[in-house]
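The structure displayed is predicted, hence computed values, not measured ones. What you see below is based on every heavy atom in this structure, not just the backbone, and it leaves out hydrogens, waters and symmetry mates.
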4 protein chains.
Amino acid sequence: MTTQRKSLSGTTRRNETSRRAILAAAFELVQEVGYAKLSIEGIAARAGVGKQTIYRWWPSKGAVLFDAFLMLSEQPDSGESALPDTGDLEADLKAVLRATIDELNDPRYDEPMRALNTEITHDPALAALYAERLDGPMRELKKQRLRSAQRAGQLAEDLDLDVAVDMLWGPLLNRWLQRNGALTAEYVDNIVETALNGLRPRH
Amino acid sequence: MTTQRKSLSGTTRRNETSRRAILAAAFELVQEVGYAKLSIEGIAARAGVGKQTIYRWWPSKGAVLFDAFLMLSEQPDSGESALPDTGDLEADLKAVLRATIDELNDPRYDEPMRALNTEITHDPALAALYAERLDGPMRELKKQRLRSAQRAGQLAEDLDLDVAVDMLWGPLLNRWLQRNGALTAEYVDNIVETALNGLRPRH
Amino acid sequence: MTTQRKSLSGTTRRNETSRRAILAAAFELVQEVGYAKLSIEGIAARAGVGKQTIYRWWPSKGAVLFDAFLMLSEQPDSGESALPDTGDLEADLKAVLRATIDELNDPRYDEPMRALNTEITHDPALAALYAERLDGPMRELKKQRLRSAQRAGQLAEDLDLDVAVDMLWGPLLNRWLQRNGALTAEYVDNIVETALNGLRPRH
Amino acid sequence: MTTQRKSLSGTTRRNETSRRAILAAAFELVQEVGYAKLSIEGIAARAGVGKQTIYRWWPSKGAVLFDAFLMLSEQPDSGESALPDTGDLEADLKAVLRATIDELNDPRYDEPMRALNTEITHDPALAALYAERLDGPMRELKKQRLRSAQRAGQLAEDLDLDVAVDMLWGPLLNRWLQRNGALTAEYVDNIVETALNGLRPRH
DNA sequence: CTGTAATCGAGACGGTACGTCAGGTCTTACT
DNA sequence: AGTAAGACCTGACGTACCGTCTCGATTACAG
């Protein structure tokens, strides 16, 4: 994957055009034919590239797919530096989670993201990379917003922010991956409210 | 899969011995070689069965795996009729969730369950079957326990029990699938406490 | 094959209807799909018969085909008791050989007869049966006609009639099997004349 | 088959070692297991080659077998430039025909040649190729010898040499293919003498 | 400004597994 | 007991991809 680039010298002979074509082809193909039928051979053909060029730079099908996501996330427009912070935590969280489910429900991203999750679940190395490059930065933004609320006294002082993130996003992702229920705005709102207030009765 | 059996007449010529051998072989193999290298050919060989016998009764590798889980869950000893109900909701939930992570951490079940999740995520039909046969009954038990607590005034009156279940188990499953963190007893306890009390400060 | 019938007791339970249906189906199928794609399964399906019924009575695909030919040859109309004998040997031979090539050129018989020859060439047991039941009787008729001519002084006294038959029919059959040349009336006439007169110049 | 080779450019990437191994394996296997049980899979295994390498270059089992014969016939030692011509036609023909039956009776060639004949009889395309590459050149040699005799006045002036060749070799091949009689020197001699003199009495 | 060495597209290669077809045996239920 | 039906184990079919390997043809660096 990308990290294989001989970054020290900075003088790799690598063909950037081919690299982009491969990642684009992988992303398109996984949408069209699904994860199970995605093949290196298919990617190479679609990208107009020799198979060896793929094997030279990526160790596995999953690594290509991963890099394809990395490329997407590095596009300037998606460089979200922070989550919205209007002061109204509940509203902000609902807005962010709704954006999340919009993405998960988008047919363009559905298959590719499922494929990525599949690769991660079966490949610890890829999972580590995912945690470092994609999930980690995103989680940091989420925790930032929660920390801000915590400082404002809107969240419990002893709250473990990682647990909080898991409790907000975990149910969503799980429902999406296991397909046991639609991802609707109502569901999201319900999750946010219930998470904030807790299962126990207040008072 | 199982539902293909001509159950009405009850007179299929199906060989029950072969069926069991296939399901057992599938379950064992997915542990040994992993999901990616699990093959119908391998299952047939291990089960001492012709490939056609598999293709005759199951539409896909995933369907076989699914039936293997079904067979496990139908074993008399695993006929869990109810979750523990000592009156102490928090303790009961912690106990149950710890049992869950013990299973997820068990190397015998790790790979097979990841494989099952992978199949479900990529096959809506299988997902529906999973919801009906495996996840559904289990979720019902969980909701029963919560309902009991709700009646006892330990849970909010207007609480959506499905959301509650998602909020307790979702974080776990997600952490397990995405491999972003160890599934420890501390984590589980933290989840239970935080879910019950909510993210907001109490008073 | 037919000889398996328990002829002594005369009280086989064998179903004559099925037998006929199988032979007919075999003969038809070999025309339609060719020898290579002729299958027991196909014959059984076409004949509306269980596979076991075929395996019970015939040892091989070739044996079925052979019996199909036997059935044809035993039809009353084809019970030719003798070859034409007008006194004009050359004319009679030409007439008979032309009838032979008409049969070989007939699309209804072409594939089945090639199939039969293939089976014979690869199965000595079948070849023996063929010699006894089909080729033998026919060859006897041919030799009868030649013997008649020999007595009339039209053929050499020391002529080996088997060799004579081979020399008249062999070239034809060989050209047909190896497909190296069309089987025309001219060719047949040429063979007859050349065989009768010999390759050497007369006088 | 061979003719598929892109001979013009001369730059096929074809692996000559594999090609030879395949042809040799096919020839050996057909001897050992017989034509009916000859399989592409078996050839590939014996040759230490992937199945695709066979399917890439040959359209059928028969085509492989055919090329195997072609390879044999192209070996320098078998480059028979002419048939013996001692002036004694009868003796020369007997010698040549005896050599022919020696080959047909040779267990190393028996099965392979029957297999080749089977393929030819069921595949016109292969038959054409056979006529052009193997049978044609051989037939030309035979006709050369006969033409020489014809010029010497030993054969009828108006004799059709193709018919003559058929009449000499046809009976042999037919007897061999149909297995109705042993191929002995006596039989061969009888054929030659009878063919030369004709069936009719000489004076 | 010209080797020269890495990269590229292409695709052959030895393999593994696919999903299908048929072989020959066996079992079941009907006649 | 014979039969139609069809499940079963086996093994071959012909195809798709795997990951490795060569083959010229670019191509960009270094001398």
Side-chain angles (χ1 to χ4, degrees), chain A residues 6 9 11-19 21 36-45 47-61, chain B residues 11-19 36-45 47-57 59-61, chain C residues 11-19 21 36-45 47-61, chain D residues 9 11-19 21 36-45 47-57 59-61:
Chain A
K6 296 155 194 165
S9 73
T11 57
T12 324
R13 295 278 186 76
R14 184 165 192 178
N15 184 335
E16 189 61 18
T17 310
S18 294
R19 182 177 161 272
K37 294 195 174 174
L38 179 67
S39 69
I40 298 266
E41 211 142 285
I43 296 171
V49 139
K51 282 199 291 177
Q52 196 59 262
T53 302
I54 298 183
Y55 284 109
R56 190 161 17 237
W57 301 106
W58 289 275
S60 71
K61 186 169 81 172
Chain B
T11 57
T12 324
R13 299 267 227 277
R14 183 164 192 178
N15 184 334
E16 189 62 17
T17 310
S18 293
R19 182 176 160 271
K37 293 197 175 174
L38 178 66
S39 69
I40 299 263
E41 204 132 301
I43 296 171
V49 139
K51 279 199 288 177
Q52 199 62 37
T53 301
I54 299 183
Y55 284 109
R56 195 172 2 248
W57 301 107
S60 70
K61 188 169 78 172
Chain C
T11 56
T12 326
R13 295 282 186 83
R14 182 164 193 178
N15 185 333
E16 188 63 16
T17 311
S18 293
R19 184 177 161 272
K37 294 196 174 174
L38 179 67
S39 70
I40 299 265
E41 211 143 282
I43 296 171
V49 138
K51 281 200 288 178
Q52 196 57 260
T53 303
I54 298 183
Y55 284 109
R56 192 164 13 241
W57 300 107
W58 290 273
S60 71
K61 187 169 80 172
Chain D
S9 71
T11 55
T12 323
R13 299 269 227 274
R14 184 164 192 177
N15 184 334
E16 189 62 17
T17 310
S18 294
R19 182 177 162 271
K37 294 197 174 173
L38 179 66
S39 69
I40 299 264
E41 204 133 300
I43 296 171
V49 139
K51 280 199 290 177
Q52 200 60 39
T53 302
I54 299 183
Y55 285 109
R56 194 167 8 243
W57 300 107
S60 71
K61 188 169 79 172

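- If A/Gly50 and B/Ser39 are placed on DNA chain E by their nearest nucleotide, the residue sitting closer to the 5' end is A/Gly50.
- Phosphate proximity of E/dG9 to A/Ser18: present, with a side-chain N or O under 4.0 Å from OP1 or OP2.
- Listed candidates were F/dT20, F/dC17, E/dA22. Nearest to the side chain of A/Tyr55 is F/dT20.
- With rounding to whole Å, B/Leu38 atom CG is found 13 Å from E/dC18 atom C1'.
- When each of F/dC17, E/dT7, F/dC8 is scored by its nearest atom to the side-chain atoms of A/Arg56, the top-ranked nucleotide is E/dT7.
- OP1 or OP2 of E/dG9 sits under 4.0 Å from a side-chain N or O of A/Thr53.
- Looking at which nucleotide of DNA chain F each of B/Gln52 and D/Lys61 is closest to, the 5′-most match is held by B/Gln52.
- In this structure, the separation between NZ on A/Lys51 and CD1 on A/Ile40 is 9.0 Å, given to the nearest 0.5 Å.
- Checking E/dA22, F/dC23, F/dG14 against the side-chain heavy atoms of D/Arg13 singles out F/dC23 as nearest.
- C/Gly48 comes within contact range of the sugar-phosphate backbone alone, with a heavy-atom separation under 4.0 Å but no base atom that close.
- Distance from the side chain of D/Asn15 is smallest for E/dC13 among the nucleotides F/dC13, F/dT20, E/dC13.
- Rounded to a whole Å, the CD1 atom of C/Ile40 is 10 Å from the C1' atom of E/dA22.
- Put simply, CD on A/Glu41 is 5 Å from C1' on F/dC17, counting in whole angstrom units.
- The distance from atom CD of A/Glu16 to atom P of E/dC8 is 11 Å, rounded to the nearest whole Å.
- Remark: B/Arg13 fails to qualify as a cation-pi partner of B/Trp57 under the 6.0 Å distance and 45° angle criteria applied to the six-membered ring.
- Proximity of C/Trp57 to the phosphate of F/dT3: a side-chain N or O atom is located under 4.0 Å from OP1 or OP2.
- Ranked by how close their nearest DNA chain E nucleotide is to the 5' end, C/Lys37 and A/Val49 are led by A/Val49.
- Interface remark: the A/Lys51 side chain does form a donor-acceptor pair with the F/dG19 base, using a distance-only criterion of under 3.5 Å.
- Across all non-hydrogen atoms, the minimal contact from D/Asn15 to D/Thr17 is OD1-N, 2.9 Å.
- Put simply, CD1 on B/Ile54 is 14 Å from C1' on F/dT10, counting in whole angstrom units.
- Atom pair C/Trp58:CH2 and F/dG2:C1' shows a separation of 13 Å (rounding to whole Å applied).
- For the pair D/Gly42 and D/Ser39, the tightest heavy-atom approach, listed with the atom from each and the gap, is N-OG, 2.9 Å.
- Rounding to the nearest 0.5 angstrom, the gap separating the CD1 atom in A/Ile54 from the CZ atom in A/Arg19 is 13.0 Å.
- Look at CD1 on D/Ile43: it is 13 Å from C1' on F/dC13, rounded to the nearest Å.
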